[in-house]
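To keep things clear, I will list the structure first and then write my remarks on it.
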Number of protein chains: 2
Amino acid sequence: MERTDHSFLSQATADEASRIFKALADPTRIKILYLLSQEECSVSHITEVLEMTQSAVSHQLSTLRKLRLVKYRREGSTLYYSYDDEHVITILHQVLSHINCN
Amino acid sequence: MERTDHSFLSQATADEASRIFKALADPTRIKILYLLSQEECSVSHITEVLEMTQSAVSHQLSTLRKLRLVKYRREGSTLYYSYDDEHVITILHQVLSHINCN
DNA sequence: TACGTATATGAACATATGCTCATATGTTAA
DNA sequence: TTAACATATGAGCATATGTTCATATACGTA
């Protein structure tokens with residue numbers, strides 16, 4: 001806001017936006033979030049669909065949990081995950097439809 | 001599309017979406033793109049506004065160029081950069097307004 | 001031509017990221 | 001309690017990323 005008529009982003013804002021984009025910057029997390037955008041899923045279901053190890057999936061779910069992008073509920077020994085940030089899902093869908101409409 | 005009624009992303013689609021999000025996953029690139037979303041800028045102007053070294057800015061511009069997210073025109077020895085992907089700018093603005101409207 | 005300014009680029013380095021492997025934790029059932 | 005299953009987690013490793021430093025390239029001017 002100095003020297004020009006234009007504004008520029010604060011470091012805090014840029015960092016926060018970066019946090020959101022970083023969350024979406026990995027193919028595995030994209031696939032997980034896309035799955036969860038359609039249905040609540042158990043960890044084992046995600047593991048089968050993505051054809052990845054249980055550990056790899058669990059680590060990524062941990063990342064998504066820390067970012068508050070997913071939540072879960074327990075049913076017996078099974079954990080059912082679902083998305084927890086509508087806006088991020090919207091952004092994801094927009095980018096996906098952009099890709100398919102090229 | 002097998003075993004459930006739901007679809008899941010191909011690796012290629014997830015990778016492509018990841019490429020776009022990765023481009024936006026760094027605060028410096030976010031600041032640069034936000035600046036360019038408002039006005040065409042020379043490298044030296046970007047360098048001053050972001051208070052970064054000329055080299056760091058130039059490297060990031062190189063990254064953005066490879067991703068075809070920015071373009072430039074030459075005027076004498078000065079290069080003026082501008083954005084080259086309307087859709088990515090839209091996504092950026094959406095996330096930024098999401099942050100500010102929390 | 002030689003010099004100054006604007007920008008790009010390669011190498012090196014520190015940090016971040018995503019996976020694997022081994023193992024821990026929590027739940028159910030016998 | 002013990003065994004089996006579902007999931008989480010820590011350590012280690014290979015690769016990716018962002019910056020700095022030094023230098024190269026391109027253009028304008030004297």
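Chain letters run A, B, ... following the sequence lines, proteins first, then strands; residues in each count from 1. Everything numeric in this text was worked out from a predicted model, so none of it was measured.
- Residue A:Leu79 contributes atom CG, which lies 10 Å from atom P of D:dT9 at whole-angstrom precision.
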Residues 25-37 of chain B side chain polar contacts: donor-acceptor under 3.5 Å, at least two apart:
residue, atom, partner, partner atom, Å
B:Asp26, OD2, B:Thr28, N, 3.0
B:Asp26, OD2, B:Arg29, N, 3.1
B:Arg29, NE, B:Ala23, O, 2.8
B:Arg29, NH1, B:Gln60, OE1, 2.9
B:Arg29, NH2, B:Lys22, O, 3.0
B:Lys31, NZ, A:Gln11, OE1, 2.4
B:Tyr34, OH, A:Ser7, OG, 3.3
B:Ser37, OG, B:Tyr34, O, 2.6
B:Ser37, OG, B:His93, NE2, 3.2

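- Regarding B:Arg29, its CZ atom lies at a distance of 8 Å from the C1' atom of D:dT17, rounded to whole Å.
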Notebook entry, point to check: Quick one: what's the B/S/- string for nucleotides 19-30 of chain D, heavy-atom cutoff under 4.0 Å, read 5' to 3'?
Noted result: SBBB----SS--
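- With sequence neighbours excluded, no residue forms a side-chain hydrogen bond (donor to acceptor under 3.5 Å, both in side chains) with A:Thr53.
- As a whole-Å value, the separation of A:Arg73 CZ from D:dA6 P is 16 Å.
- A donor-acceptor contact under 3.5 angstrom links the side chains of B:Thr13 and B:Ser10, judged on distance only.
- C:dT17 atom P lies 10 Å from atom CG of A:Leu67, rounded to whole Å.
- Of the residues near DNA chain C, A:Ala25 and B:Arg65, the one whose nearest nucleotide (by heavy atom distance) lies more toward the 5' end is B:Arg65.
- A:Leu61 has its CG atom 16 Å from the C1' atom of C:dT17, to the nearest Å.
- Residue A:Tyr81 places at least one side-chain N or O closer than 4.0 Å to OP1 or OP2 of D:dA8.
- Between the C1' atom of C:dT9 and the NZ atom of B:Lys66 lies a distance of 9 Å, rounded to the nearest Å.
- Considering only residues two or more places apart in sequence or on other chains, B:His87 meets the side chain to side chain contact (heavy atoms under 4.5 Å, CB included) condition with A:His98, B:Asp85, B:Ile91.
- For C:dT5, neither phosphate oxygen OP1 nor OP2 lies less than 4.0 angstrom from any side-chain nitrogen or oxygen of B:Thr78.
- Counting non-hydrogen atoms under 4.0 angstrom, A:Tyr72 reaches nothing in the nucleic acid.
- Put simply, NZ on B:Lys22 is 11 Å from C1' on D:dT15, counting in whole angstrom units.
- Across every non-hydrogen atom of B:Lys71 and B:Tyr83, the tightest pair is NZ-O, 3.5 Å.
- For A:Glu75, the side chain to side chain contact (heavy atoms under 4.5 Å, CB included) criterion is met by A:Arg73, A:Tyr80, not counting sequence neighbours.
- Between A:Leu64 atom CG and D:dT7 atom P there is a gap of 16 Å when expressed in whole angstrom units.
- No engagement by B:Thr63 is indicated, since no non-hydrogen atom pair under 4.0 Å with the nucleic acid exists.
- With sequence neighbours excluded, the residues that form a side chain to side chain contact (heavy atoms under 4.5 Å, CB included) with B:Arg19 are B:Glu16, B:Leu67.
- Using a 4.0 Å heavy-atom criterion, one finds that A:Ser58 contacts the bases of the nucleic acid, with or without backbone contacts as well.
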